[in-house]
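The structure presented is a predicted model; accordingly, all values stated were derived computationally and were not measured. The chains referred to below are lettered A, B, ... by the order of the sequence lines, with proteins before strands, and numbering in each begins at 1.
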2 protein chains.
Amino acid sequence: MKSAKRRRLEAKGWKFGTVQEFLNLSEEEAAYIELKLALSKSLQEARRKKNLTQHELARRLKSSQSRVAKMEAGDTSVSLDLLIRSLLALGASRKELSQIFS
Amino acid sequence: MKSAKRRRLEAKGWKFGTVQEFLNLSEEEAAYIELKLALSKSLQEARRKKNLTQHELARRLKSSQSRVAKMEAGDTSVSLDLLIRSLLALGASRKELSQIFS
DNA sequence: ATAAGATATGTCATTATTGATATATAGTCA
DNA sequence: TGACTATATATCAATAATGACATATCTTAT
């Protein structure tokens with residue numbers, strides 16, 4: 001958005017910065033969630049491709065079956081960190097991770 | 001590695017599983033660290049491209065200058081999560097993230 | 001139907017990550 | 001030089017993520 005337009009909007013009382021911040025936050029949040037779901041899905045696919053149960057994968061990751069289930073469900077309690085480390089543990093290459101992101 | 005070869009090695013007393021686990025862990029660890037450094041570098045580039053100081057970026061992220069410095073340094077106390085969320089906050093698209101990963 | 005195995009969900013103590021703060025170390029300009 | 005701004009590093013209390021556990025629900029074979 002051009003600054004001239006912005007000044008006009010602000011002159012009319014729009015809390016421009018705040019609205020933009022809100023929109024940016026939403027977009028960012030949406031992208032974050034999408035990313036997480038894409039990683040979750042890929043993790044489940046990778047596990048199934050290797051014919052591992054959640055319990056078996058958990059053992060490899062030194063984690064627990066319940067956490068693997070949460071990872072695959074994209075639970076809010078799971079970080080991108082854990083998802084990415086798990087995919088790496090299943091042998092995913094950086095190229096494969098890259099494809100998940102795109 | 002083919003299972004026939006594996007069986008021969010095991011017959012000679014190699015603790016195959018353990019060694020493989022060790023190697024995999026190393027590879028995984030290496031990939032994780034590389035990824036983190038790639039994200040760190042991209043974050044710094046993105047910040048500089050926008051002519052923001054670490055302090056200004058920190059304010060956007062509701063974080064602190066010291067943490068931004070640690071992010072850009074790839075400090076062990078920084079998660080992939082925070083790096084990725086920061087890049088998203090700077091407006092990186094999924095495609096751009098994907099390129100960082102590849 | 002039910003037993004067995006796999007997956008999902010809820011809770012919680014432990015551990016890791018975080019923002020804040022203080023302070024140190026550049027780099028720059030007058 | 002010294003004031004100023006940016007960045008780096010150390011520490012720590014608050015918060016978030018984690019593994020473990022219990023238990024529930026779903027699948028599948030008999």
Quick one: does any side-chain atom of [X] pair with a main-chain N or O of [Y] as donor and acceptor, under 3.5 Å?
| X | Y | result |
| --- | --- | --- |
| B:Q44 | B:K41 | no |
| A:K50 | A:L90 | yes |
| B:K36 | B:V78 | yes |
| A:S98 | B:S98 | yes |

Do B:S26 and B:E29 have side-chain atoms, one donor and one acceptor, less than 3.5 Å apart?
->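 Side chains of B:S26 and B:E29: no pair found under 3.5 Å.
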Length of the line joining [X]:[atom1] and [N]:[atom2], which is rounded to integer Å:
| X | N | atom1 | atom2 | answer |
| --- | --- | --- | --- | --- |
| A:L57 | C:dA8 | CG | P | 12 Å |
| A:L80 | D:dA17 | CG | P | 10 Å |
| B:L52 | D:dT5 | CG | P | 18 Å |
| B:D75 | D:dT9 | CG | P | 8 Å |
| B:E56 | D:dT5 | CD | C1' | 11 Å |
| A:Q44 | C:dA8 | CD | C1' | 12 Å |
| A:H55 | C:dA8 | NE2 | P | 15 Å |

Is B:R47 touching bases, backbone alone, or none of the nucleic acid, heavy atoms closer than 4.0 Å?
->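 Sugar-phosphate contact only - B:R47 comes under 4.0 Å of backbone atoms but never of a base.
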When every nucleotide of nucleotides 11-27 of chain C is labelled 5' to 3' by its protein contacts under 4.0 Å (heavy atoms), B for base, S for sugar-phosphate only, - for none, what sequence of letters results?
-> B-----SBBBB------
Where do A:F101 and B:R94 come nearest, in terms of heavy atoms and distance?
->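 Reported closest heavy-atom pair: O-NE, 3.0 Å.
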